[in-house]
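A short write-up of the structure that comes next.
Reckoned from all heavy atoms, side chains included, excluding hydrogens, waters and symmetry mates.
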Amino acid sequence: DVQLQASGGGLVQAGGSLRLSCAASGFTFDGYAIGWFRQAPGKEREGVSCISSSDGSTYCADSVKGRFTISSDNAKNTVYLQMNSLKPEDTAVYYCAADLDLRGSSWFKADYYGMDYWGKGTLVTVSS
């Protein structure tokens with residue numbers, strides 16, 4: 001049974017930090033690009049960051065560059081998103097996703113049915 005289990009969301013003040021985790025089970029990370037989308041109330045889902053498990057290359061949305069860092073631990077089948085200097089506009093449900101073929105901007109542009117696996121979201125709320 002394939003699962004992407006996201007955790008680490010919560011309530012934090014502006015300027016604070018959170019670390020999200022995405023643990024995969026039921027499939028092997030190897031070869032997949034894994035990362036995060038987010039969806040704020042009333043807004044469309046947007047790609048945040050993704051990482052290729054094969055070569056470690058990363059791709060990050062302009063809105064979070066310099067503040068968010070994605071990393072992976074292939075031995076643990078887990079991807080992390082370290083979020084620093086959080087802003088109220090970062091408030092959203094964050095979803096973990098994985099795909100075997102898509103990379104970089106293509107991964108970001110994928111719709112729900114274009115991605116191999118999705119996890120349930122974790123809510124991040126940043127108060128001003």
Side-chain angles (χ1 to χ4, degrees):
D1 189 25
V2 172
Q3 280 194 338
L4 291 175
Q5 184 67 48
S7 61
L11 174 63
V12 64
Q13 288 188 330
S17 298
L18 284 173
R19 189 177 81 155
L20 304 184
S21 298
C22 174
S25 60
F27 72 103
T28 308
F29 252 25
D30 191 31
Y32 280 80
I34 303 130
W36 300 88
F37 287 84
R38 67 184 181 185
Q39 187 164 20
K43 294 188 177 180
E44 292 188 356
R45 185 180 63 241
E46 62 173 349
V48 177
S49 188
C50 64
I51 184 168
S52 169
S53 61
S54 54
D55 63 11
S57 59
T58 62
Y59 193 85
C60 206
D62 288 342
S63 59
V64 304
K65 280 181 181 176
R67 300 188 298 121
F68 291 11
T69 303
I70 192 168
S71 61
S72 67
D73 184 336
N74 288 3
K76 294 183 178 180
N77 265 19
T78 301
V79 167
Y80 304 97
L81 185 69
Q82 179 65 45
M83 305 186 296
N84 298 328
S85 302
L86 282 161
K87 304 175 181 180
E89 52 262 44
D90 294 317
T91 295
V93 178
Y94 284 69
Y95 297 92
C96 181
D99 196 87
L100 186 60
D101 299 312
L102 299 175
R103 294 292 184 271
S105 59
S106 297
W107 193 95
F108 268 46
K109 293 174 185 175
D111 62 16
Y112 181 84
Y113 297 102
M115 194 68 65
D116 287 337
Y117 304 122
W118 287 92
K120 294 181 180 179
T122 185
L123 177 63
V124 172
T125 303
V126 185
S127 63
S128 57

Worksheet item: Going from CG on L123 to OG1 on T91, what distance comes out if it is rounded to the nearest 0.5 angstrom?
Response: 8.0 Å

Worksheet entry | Beyond-backbone contact of L81 with S49, side-chain heavy atoms, under 4.5 angstrom | yes

Worksheet entry | Gap between atom CD of Q82 and atom OG of S71 - 0.5 Å precision | 8.5 Å

Kindly list each side-chain donor-acceptor pair under 3.5 angstrom involving residues 109-119, sequence neighbours excluded, with atom names and distances?
residue: D111; atom: OD1; partner: Y113; partner atom: N; Å: 3.2
residue: D111; atom: OD1; partner: G114; partner atom: N; Å: 2.8
residue: D116; atom: OD2; partner: L100; partner atom: N; Å: 2.9
residue: W118; atom: NE1; partner: Y112; partner atom: O; Å: 2.9

Worksheet item: Would V79 end up clustered with V93 when hydrophobic side chains under 4.5 Å apart are linked, directly or stepwise?
Response: no

Worksheet, complete the sentence: Distance col, row S57:OG vs R103:CZ, nearest 0.5 angstrom, shows 7.0 Å

Worksheet entry | Heavy-atom pair of closest approach, residues L86 and R67 | CA-NH1, 3.9 Å

Worksheet item: What closest approach, in Å, do S105 and Y59 show between heavy atoms, and which atom pair accounts for it?
Response: CB-OH, 3.4 Å

Fill in: ILVMFWY network linking Y80 to L20, side-chain heavy atoms under 4.5 angstrom
no

Worksheet item: Could you give the distance from SG (C22) to CG (N77), rounded to the nearest 0.5 Å?
Response: 9.5 Å

Give every donor-acceptor pair under 3.5 Å between a side-chain atom in residues 35-44 and any protein atom, sequence neighbours left out.
residue: R38; atom: NE; partner: E46; partner atom: OE2; Å: 2.6
residue: R38; atom: NH1; partner: D90; partner atom: OD1; Å: 2.9
residue: R38; atom: NH1; partner: Y94; partner atom: OH; Å: 2.9
residue: R38; atom: NH2; partner: E46; partner atom: OE2; Å: 3.1
residue: Q39; atom: NE2; partner: K43; partner atom: O; Å: 3.1

Discussion item. Enumerate the side chain to side chain donor-acceptor pair (under 3.5 Å) contacts for residues 10-30, please, sequence neighbours excluded, ordered by first and then second residue.
Written reply: S17-N84

Response to the item:
Taken in chain and number order and not counting sequence neighbours, the residues that satisfy side-chain contact (heavy atoms from CB on, under 4.5 Å) with T58 are I51, I70

Worksheet item: For V64 and C60, which heavy atoms make the closest approach, and how far apart are they?
Response: CG2-SG, 3.4 Å

Discussion item. Looking at W107 and C50, would you say the former's side chain and the latter's main chain have a donor-acceptor pair under 3.5 Å?
Written reply: no

Practice prompt. Any chance you could lay out the side chain to side chain contact (heavy atoms under 4.5 Å, CB included) test for I34 and S72, step after step, and finish with the verdict?
Written response: CA-CA 9 Å; I34 303 130; S72 67; over 6 Å; no

Worksheet item: Of all residues at least two apart in sequence or in a different chain, which pass the ring-ring contact (aromatic ring centres under 6.0 Å, His included) check with F68?
Response: none

Worksheet item: From Y32 OH over to D101 CG, what is the distance, rounded to the nearest 0.5 angstrom?
Response: 8.5 Å

Under 3.5 Å, side-chain donor or acceptor atoms of residues 1-12 against the rest of the protein: list the pairs with distances, not counting sequence neighbours.
none

